[in-house]
Each structure stands twice: as C-alpha cells, then as structure tokens.
Amino acid sequence: MASARIPVIGLEVHLQMKTASKIFCGCSTQFGAPPNSQVCPVCLGLPGVLPVLNHQVFLYGVRVSLALGCRIQSQIVFHRKNYFYPDLPKGYQISQYNLPLGTAGAVDLPSGKKVRIMRAHLEEDAGKLLHRPEGGSLVDLNRAGVPLLEIVTEPDLESPEQAYEYLKTLKGILESLDVSDCDMEKGSLRCDANISLKTDEGKLGTRSEIKNLNSFRSVARAIAYEIKRQGELLDEGGKVVQETRLWDDAKGVTQGMRSKEFAHDYRYFPEPDLVPFAVAEKEIEQARAALPELPRQRAERFVRQYSLSLPDAVGLTSSRSTADYYEASVKKRPAASKVLANWILGDLAREINERNADRIEALNFGPERLVELVELIDSGKISGKMAKEVLIESLNSKQSPKAVVDAKGLSQVTDKEAIKVAAREVIQEQPKAVADFKQGKQTTLMFLVGQLMRKMKGAASPALSQEVLKELIEKG
Ligand code: ADP
Ligand code: MG
Ligand code: ZN
C-alpha cells in the first residue's frame with residue numbers, strides 16, 4: 001500500500017475586463033462582431049506601432065487586486081512574453097512578469113478555508129483560432145489585445161470541491177466589482193487548473209496543467225480525474241511529467257497536449273515601448289475607498305438588516321444575481337425576510353440546479369412571483385406544501401403562481417365547517433391519540449393534524465386544523 005497522497009491544486013483565472021476599448025489601442029472590445037472587424041496596426045502587431053496603456057484597464061486591475069486583499073505594486077512594468085502561435089501576431093504577448101500589479105492577497109471561502117492569491121497581473125488576450133471540420137484553420141484577431149487580468153492562487157486548494165468553492169466565491173467578488181461580465185460561455189472568465197499529488201511527508205510532486213475548462217463543473221471534474229490518473233500512475237511506479245493537458249468534457253478525460261514550458265522558455269524582457277510608471281499611494285487609497293460592497297460585507301449587512309443567519313446570508317450573497325433577487329423580493333415583503341431566504345436557498349436553488357440554469361434569472365421567476373407565492377400562503381389560500389407544487393407548475397408553464405392556483409382551482413380549505421367534519425372523524429378513529437393529548441402529551445396533536453390533512457388530501461389549512469382539533473377535543 002503506497003503512502004497517502006494529498007492533492008495540491010493551484011488555479012489560474014483569466015478575467016476579461018469590460019473596457020470599451022482594448023488594452024493598448026483604441027479598438028472596440030465588443031463581443032460577437034464579424035471576424036477581424038475590430039483590429040488596427042497595434043493589435044495586429046504591425047511593425048513600427050506603439051502601444052499605449054488604457055488607463056481604465058489599470059484602474060479595473062487595481063480594483064480587483066484591492067478586493068482580493070493584494071498589495072499594489074509601486075512600479076508598473078510590462079514585459080514581453082515571447083512565443084509563437086498563429087493567433088499571436090506579434091510573436092509575443094505583453095504581460096507582467098516579476099512585478100505583477102497585485103501580490104499577496106487572499107480569498108476567504110464560506111467553508112472557512114483561506115486561499116492565498118499569489119499574483120494578479122495585467123496582460124493582453126490573444127486572437128482566436130477557428131479550426132474548420134473540413135480542414136484548415138481561420139484566425140479572428142478581434143480578441144487580440146482585449147484586456148485580461150490573470151489571477152493566480154498559491155497551491156493551497158486540496159480537493160475538486162474546494163476548487164469549485166473558490167471559483168464560485170471569486171466570481172461573486174468579481175461580479176460585485178463591475179469590471180467584467182464574468183461569463184464563462186463568452187470566455188470572459190477562464191480557468192486553468194494545476195494539479196499534483198504530495199506524499200504525507202509533504203514533498204510536492206510534479207504538476208500537470210489542465211486547460212480547456214469551460215465551466216466550474218468541468219474544473220471540478222477535470223481535477224478529480226487528474227487526481228485519480230496521477231495516483232494510479234504513481235502506484236504503478238510511473239512518473240508524472242510536467243505538461244499541459246486538455247480536458248475533454250464529453251469523454252470526461254484529460255489528454256496530454258504539450259510538455260509544459262518553463263518561465264525561461266519565454267525569454268521575458270521588459271517591454272521597451274511602454275514606459276514604467278509609479279503608482280501614488282494616494283491613488284491606491286482613493287481606489288480602496290471607492291470599492292463597492294463586497295459579497296462578504298453584503299452578507300454581514302443581510303444579517304443585520306434582515307435578521308438572517310450568517311450561513312444563509314453567505315449563501316444568498318454568493319452570487320450577485322441571487323443577492324439582488326433576494327433584496328428585490330424582501331423589499332416588497334419585509335416581514336417575510338426569512339421565509340423568502342428559505343425559498344431561494346431551498347426550492348429555487350434546487351430548481352436552478354436541476355434545470356441546469358446558471359443563474360436565478362434563467363428560471364423566469366422574478367422576485368415579484370416569489371412574493372406572490374409567499375402571499376398566497378400567508379393569506380391562507382394555499383398551504384406551504386401546495387406552494388411547492390405551485391412553484392414547479394409556475395416554472396414549467398411560465399405562469400404566475402396566482403394564475404396557476406386559479407387555473408388548477410387550487411385552494412386550501414379554510415372553511416371551518418368542512419374542517420370540523422373531518423376533525424370529528426379523526427377524533428373518532430384515533431381514541432388513543434386523543435386520550436394521550438388530553439393527558440398532556442402535546443405532540444400527539446401534530447399527529448392528529450397529520451391524519452386530518454390526509455383525509456383532506458393536504459388541502460386543509462394546518463393552522464386552522466390545529467385550532468379546530470384542539471377546540472373539539474377540549475370541548476368533548
Ligand atoms: P505558469 O505560467 O507556469 O502556469 P503560474 O505562476 O502562472 O505559472 O501558475 C502556476 C500555478 O500552479 C499557480 O496557481 C500555482 O499555485 C500552481 N502550482 C505551482 N506548483 C504546483 C504544484 N506542485 N502542484 C499544483 N499546483 C502548483
Ligand atoms: Mg500559467
Ligand atoms: Zn487595435
């Protein structure tokens with residue numbers, strides 16, 4: 001039996017920042033334009049042109065770095081990272097090397113884990129290759145020069161689940177900063193995963209780097225696969241080689257692509273066309289003061305303002321859209337702050353998952369509908385149990401909860417007389433429970449309510465049923 005091996009995981013996230021123009025030229029960054037329609041001599045890498053740093057890119061980078069608790073570099077320096085690739089017209093990428101914009105930050109995960117951020121640096125994106133099924137490839141350089149911030153963790157993560165949690169938490173922070181649409185499908189948020197196994201003596205192993213990960217779920221799956229692959233390889237006495245591997249989502253496997261390059265392969269050198277500049281302490285402090293409310297702060301406010309538990313508040317604020325949804329609903333019905341949270345974290349979260357929706361908006365069940373559903377319960381029109389079915393029906397039919405209730409003729413019996421009839425039957429059928437209750441065993445009342453509900457097929461108001469049963473038993 002080989003000694004236990006512990007996974008070691010570090011993630012690199014590339015964030016496309018949503019500036020109107022590219023990082024070193026005035027070309028538009030608009031997504032989805034016709035190929036090669038947003039290019040100029042600078043981003044095409046023609047000789048003799050000069051790049052100029054887009055100040056907004058720098059400000060966005062500072063904002064993210066500060067939100068991640070990073071120190072900001074006092075000197076901003078860019079480097080050329082040299083490599084050849086058909087979508088990289090200059091033959092090098094302008095990036096940051098030994099002086100990244102942000103260093104030494106951290107992200108606190110809801111589970112309590114702290115993930116250290118090694119660096120956050122600015123760079124330009126490359127173009128995009130389009131491999132045609134009939135053979136040959138086309139290049140679209142619209143993306144060349146789109147601003148990126150690369151956010152790199154220390155190898156602090158230990159499981160696929162933790163990697164997933166980190167990405168969710170990071171995305172929540174990034175969304176709150178309004179610097180990117182953080183859309184993995186459009187490629188504005190991309191992740192590479194580095195994985196190795198270490199022995200319990202603590203010696204780090206050789207890592208592989210996985211690319212081509214296009215959802216948080218595939219990141220977790222690929223890491224799990226890679227942990228297993230490397231473990232089996234080591235068990236057989238083999239060696240993990242440092243390489244870049246591609247994730248095949250359909251097959252659920254990683255495949256070797258190329259041996260991983262080392263930093264010295266890139267022949268980094270300072271970009272001579274961009275003058276280094278100093279960052280004033282005052283500028284950083286201004287940016288820090290202007291930081292918006294971050295998810296963690298928002299969660300703490302939710303606890304104070306809406307009397308929620310911290311775990312619930314953290315759950316609600318883990319994504320900006322969910323937090324906005326919650327606040328919009330609670331505004332309409334402040335008294336239901338906890339009930340609304342429960343619906344969002346329970347039934348709605350489950351439906352988002354089951355329907356593979358990536359965010360709450362995709363359910364087409366706006367906050368006003370959730371409020372309507374809660375009002376139907378509070379007014380006694382339907383029971384909580386019925387409401388769960390109304391929700392599903394409302395999601396499926398895209399009709400409002402009220403419309404569903406009306407269309408199906410649903411309504412909970414709040415007619416005291418009808419409940420009384422059923423209650424009398426229950427009392428007759430359950431003499432033992434009734435006697436127990438009379439002896440002071442309060443819990444049997446719930447049993448009797450349950451029996452009554454069964455009789456009325458769940459359509460009786462639970463509160464009224466309880467009241468009627470109690471009344472009848474105490475009287476008789
Ligand atoms: P590169 O450009 O070579 O990928 P980076 O510094 O951009 O290097 O990223 C390296 C990533 O790999 C970081 O997230 C780091 O935490 C992670 N890493 C470094 N060593 C290991 C290791 N032995 N196992 C797993 N991950 C590692
Ligand atoms: Mg890398
Ligand atoms: Zn350009």
Side-chain angles (χ1 to χ4, degrees), residues 5-14 19-30 33 36-46 49-54 57 79 81 83 89-90 93-98 100 103-107 115-121 123-127 140-160 162-163 166-167 170 190-199 202-211 213 219 222-223 226-227 230 240-245 257-266 268:
R5 295 198 186 92
I6 303 155
V8 175
I9 302 156
L11 298 180
E12 296 162 64
V13 165
H14 285 87
T19 50
S21 57
K22 295 185 180 179
I23 182 168
F24 299 121
C25 64
C27 292
S28 167
T29 56
Q30 190 70 47
N36 300 306
S37 63
Q38 295 167 350
V39 291
C40 74
V42 173
C43 54
L44 285 174
L46 302 186
V49 294
L50 288 175
V52 177
L53 177 64
N54 178 341
V57 169
H79 275 74
K81 181 179 183 181
Y83 61 100
K90 293 198 293 284
Q93 177 192 27
I94 304 181
S95 180
Q96 293 190 296
Y97 180 47
N98 57 341
T103 58
V107 173
V115 182
R116 289 170 303 155
I117 301 296
M118 184 191 290
R119 53 193 275 141
H121 71 253
E123 62 185 26
E124 58 181 337
D125 210 341
D140 176 7
L141 294 172
N142 283 350
R143 205 177 68 180
V146 163
L148 295 180
L149 186 73
E150 179 170 341
I151 302 164
V152 185
T153 72
E154 295 285 351
D156 283 351
L157 297 155
E158 294 167 298
S159 67
Q162 229 171 44
Y166 162 75
L167 289 171
L170 177 68
R190 310 197 285 270
C191 175
D192 300 339
N194 296 271
I195 302 126
S196 68
L197 297 176
K198 73 175 175 192
T199 57
K203 200 167 154 290
L204 280 188
T206 307
R207 69 174 154 128
S208 59
E209 183 188 43
I210 317 297
K211 290 188 182 284
L213 299 165
V219 174
I223 291 173
E226 198 55 23
I227 290 171
Q230 291 184 12
V240 177
V241 290
Q242 178 151 333
E243 63 177 347
T244 299
R245 299 178 67 85
M257 176 171 82
R258 57 166 190 250
S259 69
K260 169 83 183 142
E261 49 297 284
F262 294 88
H264 62 252
D265 293 329
Y266 292 120
Y268 278 100

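As a basis for the values below, the full set of heavy atoms in this structure was taken, side chains included, without hydrogen atoms, waters or symmetry mates. Indexing begins at 1, ligand by ligand and atom by atom, following the structure's order.
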Asks: Should E150 and H14 count as side-chain neighbours, where that means a heavy-atom distance under 4.5 Å?
Replies: yes
Asks: Would you mind listing which atoms of ligand 1 come within a distance below 4.0 Å of any non-hydrogen atom of E154?
Replies: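 In order of numbering, the contacting atoms are 16 (O).
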Asks: Check ligand 1 against E209 and write out every atom of the ligand that is under 4.0 Å from a heavy-atom position of the residue.
Replies: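 Matching atoms, with element in brackets: 4 (O).
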Asks: Supply the atom-to-atom distance I151 CD1 to E12 CD, rounded to the nearest 0.5 angstrom.
Replies: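 Answer for the CD1-CD pair, I151 versus E12, is 11.5 Å.
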Asks: Below 3.5 angstrom, do we get any N/O pair linking G205 and ligand 1?
Replies: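 So ligand 1 has an N or O lying under 3.5 Å from an N or O of G205.
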Asks: With a 3.5 Å distance limit and no angle check, can you tell me whether D192 reaches the backbone of E209 through a side-chain donor-acceptor pair?
Replies: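 Checking the backbone N and O of E209 against the side chain of D192, no donor-acceptor pair under 3.5 Å is found.
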Asks: Side chain, backbone, both or neither: which applies to V152 and ligand 1 if a contact is any heavy-atom pair less than 4.0 Å apart?
Replies: side chain
Asks: If the Zn ion (ligand 3) is the vertex, what is the angle to SG of C25 and SG of C43, rounded to 10 degrees?
Replies: 110°
Asks: Less than 4.5 Å apart, side chain to side chain, heavy atoms only: is that true for P160 and I227?
Replies: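 Yes, close enough: below the 4.5 Å cut-off.
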Asks: Taking the side chain as every heavy atom from C-beta outward, state whether Q162 and V115 have any atom pair closer than 4.5 Å.
Replies: no
Asks: So if I count the atoms of ligand 1 from 1 in the order they appear, which ones are less than 4.0 Å from some heavy atom of P155?
Replies: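 Listed by number with element, the hits are 16 (O), 26 (N), 27 (C).
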Asks: Under 3.5 Å, side chain of N36 to main-chain N/O of L141, donor-acceptor pair present?
Replies: yes
Asks: Evaluate the criterion side chain to side chain contact (heavy atoms under 4.5 Å, CB included) for residue pair Q93 and Y83; output intermediate values, then yes/no.
Replies: CA-CA 8 Å; Q93 177 192 27; Y83 61 100; 3.9 Å; yes
Asks: With a heavy-atom distance limit of 4.0 Å, tell me whether R119 approaches ligand 1 through its side chain, its backbone, both, or neither.
Replies: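 No part of R119 comes within reach of ligand 1.
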Asks: Taking 4.0 angstrom as the limit and counting only heavy atoms of V8, give me the atoms of ligand 1 inside it, by number and element.
Replies: 24 (N), 25 (C)
Asks: Using non-hydrogen atoms of the residue, decide whether E150 is closer than 4.0 angstrom to ligand 1.
Replies: yes
Asks: Is there any N or O on K81 that sits under 3.5 Å from an N or O of ligand 1?
Replies: no
Asks: Is any side-chain heavy atom of D125 less than 4.5 Å from a side-chain heavy atom of R190?
Replies: yes
Asks: Side chain or backbone of D156 under 4.0 Å from ligand 1, or both, or neither, by non-hydrogen atoms?
Replies: neither
